[in-house]
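First the proteins, then the strands, lettered A, B, ... as listed; each starts at 1. Just so you know, these numbers come straight off a predicted model, no measurement behind them.
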Number of protein chains: 4
Amino acid sequence: MPYRTLALKDKIVLITGASSGIGRAAAQQFAEVGAKLILVARRDERLQALKRELEEEHKVEAHTVAIDLQDLQKVSALVPELPDSFRDVDVLVNNAGLALGKAPVHKNDISDVATMLDTNCKSLVLLTQKVSEGMVKRNGGHIINVSSIAAHEHYAGGSVYCGTKAFVSAFTNAMRHDLVGTNIRVTAISPGAVQTEFSNVRFKGNDQAAHSVYAGIIPLTADDIADQIVYAATRPSHVQVGEIISYATYQASPTNMARVLLQK
Amino acid sequence: MPYRTLALKDKIVLITGASSGIGRAAAQQFAEVGAKLILVARRDERLQALKRELEEEHKVEAHTVAIDLQDLQKVSALVPELPDSFRDVDVLVNNAGLALGKAPVHKNDISDVATMLDTNCKSLVLLTQKVSEGMVKRNGGHIINVSSIAAHEHYAGGSVYCGTKAFVSAFTNAMRHDLVGTNIRVTAISPGAVQTEFSNVRFKGNDQAAHSVYAGIIPLTADDIADQIVYAATRPSHVQVGEIISYATYQASPTNMARVLLQK
Amino acid sequence: MPYRTLALKDKIVLITGASSGIGRAAAQQFAEVGAKLILVARRDERLQALKRELEEEHKVEAHTVAIDLQDLQKVSALVPELPDSFRDVDVLVNNAGLALGKAPVHKNDISDVATMLDTNCKSLVLLTQKVSEGMVKRNGGHIINVSSIAAHEHYAGGSVYCGTKAFVSAFTNAMRHDLVGTNIRVTAISPGAVQTEFSNVRFKGNDQAAHSVYAGIIPLTADDIADQIVYAATRPSHVQVGEIISYATYQASPTNMARVLLQK
Amino acid sequence: MPYRTLALKDKIVLITGASSGIGRAAAQQFAEVGAKLILVARRDERLQALKRELEEEHKVEAHTVAIDLQDLQKVSALVPELPDSFRDVDVLVNNAGLALGKAPVHKNDISDVATMLDTNCKSLVLLTQKVSEGMVKRNGGHIINVSSIAAHEHYAGGSVYCGTKAFVSAFTNAMRHDLVGTNIRVTAISPGAVQTEFSNVRFKGNDQAAHSVYAGIIPLTADDIADQIVYAATRPSHVQVGEIISYATYQASPTNMARVLLQK
Ligand SMILES: NC(=O)c1ccc[n+]([C@@H]2O[C@H](COP(=O)([O-])OP(=O)(O)OC[C@H]3O[C@@H](n4cnc5c(N)ncnc54)[C@H](OP(=O)(O)O)[C@@H]3O)[C@@H](O)[C@H]2O)c1
Ligand SMILES: NC(=O)c1ccc[n+]([C@@H]2O[C@H](COP(=O)([O-])OP(=O)(O)OC[C@H]3O[C@@H](n4cnc5c(N)ncnc54)[C@H](OP(=O)(O)O)[C@@H]3O)[C@@H](O)[C@H]2O)c1
Ligand SMILES: NC(=O)c1ccc[n+]([C@@H]2O[C@H](COP(=O)([O-])OP(=O)(O)OC[C@H]3O[C@@H](n4cnc5c(N)ncnc54)[C@H](OP(=O)(O)O)[C@@H]3O)[C@@H](O)[C@H]2O)c1
Ligand SMILES: NC(=O)c1ccc[n+]([C@@H]2O[C@H](COP(=O)([O-])OP(=O)(O)OC[C@H]3O[C@@H](n4cnc5c(N)ncnc54)[C@H](OP(=O)(O)O)[C@@H]3O)[C@@H](O)[C@H]2O)c1
């Protein structure tokens with residue numbers, strides 16, 4: 001008798017950072033199992049295209065919200081302004097986030113610092129507050145925060161990014177204590193090297209630098225991490241996946257990659 | 001296009017502690033996907049019964065090894081004495097383990113201490129050495145160590161058990177660095193409260209004490225954790241699940257359980 | 001032959017949050033060993049009074065900077081606007097910080113969230129950048145960040161505060177990697193329950209709530225933590241204290257206090 | 001008014017591994033502040049010489065116990081067989097310990113594995129049990145366990161050593177919960193690279209390999225760590241130093257050393 005998982009058909013899944021990478025792949029995989037999607041990111045055209053794809057290929061409903069998550073007023077307004085049929089979010093995937101640069105601590109650029117803290121932490125806390133309010137009322141839901149191995153292993157050039165992801169992991173754990181008497185589940189997803197636009201963003205368009213991050217290894221893909229997110233969300237309701245930490249097979253830490261394919 | 005997972009058909013999976021709980025459930029779930037099983041534990045009759053079940057229900061081959069893992073000579077001999085068709089282990093699940101008692105540090109019973117250290121740590125290191133030797137030669141394989149949330153969150157009455165599981169988690173991480181240039185993957189599975197014989201063993205037959213561990217919550221089941229083990233093992237070969245930490249939904253730490261069902 | 005420590009006579013020590021609690025006590029203890037002090041906080045009258053005290057009692061020079069550290073322009077200007085004789089900071093103590101409230105995650109107040117993130121994280125990163133720039137040029141210095149046990153153990157009602165302190169600890173570790181080739185040392189100080197204005201601030205003037213945090217235990221004092229900061233700073237130059245974690249003796253975690261004195 | 005520390009005059013301090021390195025230096029520094037010493041290790045002649053030195057130079061009493069800590073019967077007998085005037089141990093320093101080899105996991109030598117687990121973990125648990133029994137009766141004492149940065153950061157070639165030190169750190173934390181209602185304090189000391197006989201032991205007499213561990217850095221010395229141990233022990237009785245993590249200044253992790261002095 002096969003293991004019974006949780007059906008997500010018609011469940012409402014809100015994903016931030018749905019225009020690219022992990023968030024986009026997660027939207028597709030949630031659509032595959034029949035969920036209704038709320039897609040949040042800045043790049044509207046991408047969200048529209050994804051919405052069409054999900055509606056056509058998977059026959060699910062999707063709703064887009066094109067905002068900059070650094071704009072806290074827009075984040076505050078997000079839930080109240082959802083269409084009625086999308087308001088009661090079942091699964092919140094706090095995925096939007098970024099690293100900017102690899103500066104050592106004495107060269108940190110304060111505008112990059114602010115962008116990372118505001119996107120990875122501040123807006124995540126606010127959106128979580130707004131969405132979990134309803135979950136507590138309905139006594140159910142799942143909050144999935146995309147953290148990183150950088151939360152746990154701290155490296156040169158990553159002082160602020162590591163800090164923001166350590167924030168996310170600590171926040172996730174504390175939240176589990178806040179919500180322990182409820183049917184709400186709380187999960188952190190902490191990947192290693194995933195090939196998405198992440199490194200292009202980090203290296204600000206220096207695509208060669210971005211590319212070299214993954215040289216000689218077989219990196220994780222956005223789909224691999226989306227699969228983990230959907231895995232956590234589809235476990236039976238009494239199972240609370242706390243954290244999934246993953247690496248590329250040729251990787252043992254943020255800085256220890258065996259560039260096996262280059263050596264050949 | 002659904003996510004492509006790794007087929008385990010005819011793969012050889014060695015599971016310690018297969019006579020009960022998580023290990024037994026893992027054997028069943030691996031059999032379900034067609035793997036050949038090596039079942040290790042002390043209680044031979046249970047292993048025999050499980051072997052018959054797997055062969056009949058899932059039409060897979062199974063081999064039993066009834067040994068006490070504290071006997072290091074028997075652990076050393078385990079791999080060489082496997083039948084040829086079972087020798088090249090693809091997946092090693094180091095699952096056998098136990099806690100004994102809840103004594104505070106000034107009342108630790110040294111014979112319990114020795115049993116925990118020998119079973120949870122020493123034999124695990126030895127079996128891993130023996131099995132990984134072949135994996136390195138074949139440049140492939142997966143080592144899955146069952147750790148615990150007790151590795152990360154340390155509680156009164158758990159000094160030695162927490163210590164042994166912290167050992168397992170650290171050992172797992174260091175091993176990932178040892179093997180980073182290979183196709184071998186390394187995973188820790190770190191569950192919260194799972195209802196198995198674990199608490200009966202811990203409380204040495206005081207079944208009321210054992211039972212009360214899970215009072216008022218919906219505990220994780222052996223099947224829930226087996227599902228995580230099989231999940232890790234069936235990810236594509238470039239994906240290395242590093243650790244899956246899980247809790248019961250009504251649990252936030254080893255000691256923070258919301259006994260929701262009692263309150264009603 | 002007694003252990004040789006590092007003399008701080010005439011060394012320049014910049015302390016944020018010097019108007020109260022740990023920062024104030026640290027200023028006094030650094031003055032005791034002859035250091036010159038830069039005192040930073042919002043409450044100018046307190047800084048002035050402390051400056052007079054240090055100058056009179058310990059015959060050291062002190063300079064005050066009354067700013068709100070949330071004002072990033074003022075933080076940026078802080079170092080360049082220091083008097084010449086105070087500009088080359090030898091020891092930076094990033095101590096200013098706070099928790100606001102004990103709200104669960106679904107009731108987090110976004111203005112409190114912003115205050116915590118801006119004070120505990122953003123301004124700390126900026127000031128560190130500005131001060132470490134000079135340290136790197138001079139190839140020497142010590143950066144001491146006041147974190148908390150909340151960085152490592154996450155509790156209900158502390159989601160954002162725990163997050164900010166996890167940020168500080170991760171940031172500190174990553175920074176150590178950035179600066180590893182230099183003579184600059186990097187330290188985190190992570191205290192448990194210290195009786196200062198911290199809880200009065202957290203509970204926004206509800207002094208009874210603040211008081212009850214320490215009921216029945218003998219809490220750490222500001223002086224106890226100042227002593228740890230000065231300890232780290234006075235170790236020989238080749239010794240890099242990475243982190244000092246401390247608890248009150250009747251405390252085992254943020255939430256596990258044995259209220260021994262109440263029971264009598 | 002200088003910070004008040006705890007006087008250790010005539011206090012009884014038991015140190016394991018007192019014949020070399022950190023333990024020997026700790027004995028000397030505790031003697032300097034007037035403590036009575038119980039010196040435990042295998043090499044009797046070294047203990048005798050140290051005893052004479054402490055008695056002559058510092059006019060303190062010392063008692064030696066030359067045993068192999070792997071012999072659990074001798075560990076059990078240690079406390080009952082102490083002379084009356086040494087029986088009520090005030091400070092226990094569990095320092096004896098070792099790493100053996102740098103083998104990857106598939107080459108671990110089981111006899112080395114057993115030696116590390118028995119010395120670093122099993123005997124430490126047993127001695128702690130025996131000594132803390134008395135401390136609980138007397139409602140006072142201090143247990144200081146020498147762990148390592150290897151408890152927290154896990155590296156290739158260190159699978160078992162890292163595991164044993166993770167055990168020590170977890171055990172220490174859990175013990176703090178066991179003893180939270182008492183006046184007993186619990187501390188872990190977690191150093192980075194300390195130049196002692198440690199690497200000579202690890203590399204089994206290959207002194208060149210041992211030497212090269214510290215090449216180009218200024219390593220920590222046994223005295224530096226002894227100083228931390230005495231620091232923890234001399235804090236006021238309400239202050240519980242939980243852990244001191246330290247690195248050489250030219251070190252950022254077990255494997256990240258800037259070999260600055262070689263480059264010149
Ligand atoms: N890739 C990795 O190696 C890796 C590893 C560990 C963790 N992660 C984490 O995974 C998450 C997703 O990253 P990814 O790898 O998928 O990178 P990605 O391809 O760059 O995607 C990032 C997503 O975040 C959105 N986003 C960024 N800033 C935003 C803002 N201010 N407002 C709204 N949306 C914003 C982007 O959308 P718009 O630009 O359209 O707004 C985009 O959809 C991040 O939290 C990242 O830190 C990534
Ligand atoms: N249950 C929980 O809440 C929980 C939570 C976190 C982690 N874990 C871990 O999960 C693992 C499996 O435990 P479980 O919950 O499934 O408990 P369980 O039902 O008691 O199963 C333990 C298994 O280990 C085997 N075993 C124990 N000592 C052995 C020895 N000396 N030689 C050979 N086999 C031995 C037992 O077989 P025989 O008695 O037949 O030898 C049995 O098959 C353990 O490592 C445990 O620490 C459990
Ligand atoms: N007390 C504890 O139990 C405890 C435990 C662990 C860690 N900590 C940490 O220890 C550090 C010091 O706290 P404390 O216990 O000494 O508390 P405190 O007595 O409240 O002192 C906090 C200090 O920070 C300053 N500060 C706060 N916000 C500021 C701002 N925006 N700009 C400039 N200065 C600001 C305050 O000065 P003004 O108000 O005059 O600006 C004050 O000098 C904090 O980082 C805290 O998180 C405390
Ligand atoms: N050195 C480092 O870089 C470093 C870093 C982090 C942590 N540590 C830890 O620091 C502690 C002390 O090491 P160390 O650096 O001072 O090394 P060391 O100079 O080799 O000293 C080790 C001490 O342990 C004793 N010992 C070892 N096995 C013993 C046994 N079976 N029975 C009784 N005593 C035994 C030795 O005495 P006999 O040989 O006379 O018995 C010796 O006194 C260890 O726990 C080590 O793991 C060291």
> Non-hydrogen atoms of chain D under 4.5 Å away: do they reach the side chain of K107(B), the backbone, both or neither?
Replying inline: backbone
>> If I compare all heavy atoms of I217(D) with all of A248(D), which pair ends up nearest, and what's the gap?
In response: CD1-CB, 4.3 Å
> chain D heavy atoms under 4.5 Å from L179(B): which part of the residue, side chain, backbone, both or neither?
Replying inline: side chain
>> Please tell me whether N145(D) and T172(D) have a donor and an acceptor in their side chains that are separated by less than 3.5 angstrom.
In response: yes
>> Using a 4.5 angstrom heavy-atom cutoff, name the option from L117(D), V131(D), D118(D) with the most pairs to chain B.
In response: L117(D)
>> Between G158(B), A166(B), A151(B), who has the most heavy-atom pairs with chain D when the cutoff is under 4.5 Å?
In response: A166(B)
>> Please classify the contact between V136(B) and chain D as side chain, backbone, both or neither, with a heavy-atom cut-off of under 4.5 Å.
In response: side chain
> Counting heavy atoms not belonging to K36(B), are there more than 12 under 6.0 Å from its NZ?
Replying inline: yes
>> Please classify the contact between D109(B) and chain D as side chain, backbone, both or neither, with a heavy-atom cut-off of under 4.5 Å.
In response: neither
> Given the options T255(D), V180(D), L126(D), which has more heavy-atom pairs under 4.5 Å with chain B than any of the others?
Replying inline: L126(D)
>> Using heavy-atom distances under 4.5 Å, tell me whether I184(B) contacts chain D through its side chain, its backbone, both, or neither.
In response: neither
>> Check this for me: K102(B), atom NZ, are more than 12 non-hydrogen atoms of other residues, nucleotides or ligands nearer than 6.0 Å?
In response: yes
> Has R259(B) got its NZ or CZ under 6.0 Å from the middle of the six-membered ring of Y214(B), at an angle within 45 degrees of the ring axis?
Replying inline: no
>> For V125(D), which atoms come within 4.5 Å of any heavy atom of chain B: side chain, backbone, both, or neither?
In response: side chain
> Pick from T164(B), V168(B), T128(B): which one has the most heavy-atom pairs with chain D under 4.5 Å?
Replying inline: T164(B)
> Can you name the residues that form a ring-ring contact (aromatic ring centres under 6.0 Å, His included) with Y155(B), not counting sequence neighbours?
Replying inline: none
> Just one of H142(D), E243(D), R176(D) clears the side chain to side chain donor-acceptor pair (under 3.5 Å) bar with T187(D), so which one?
Replying inline: H142(D)
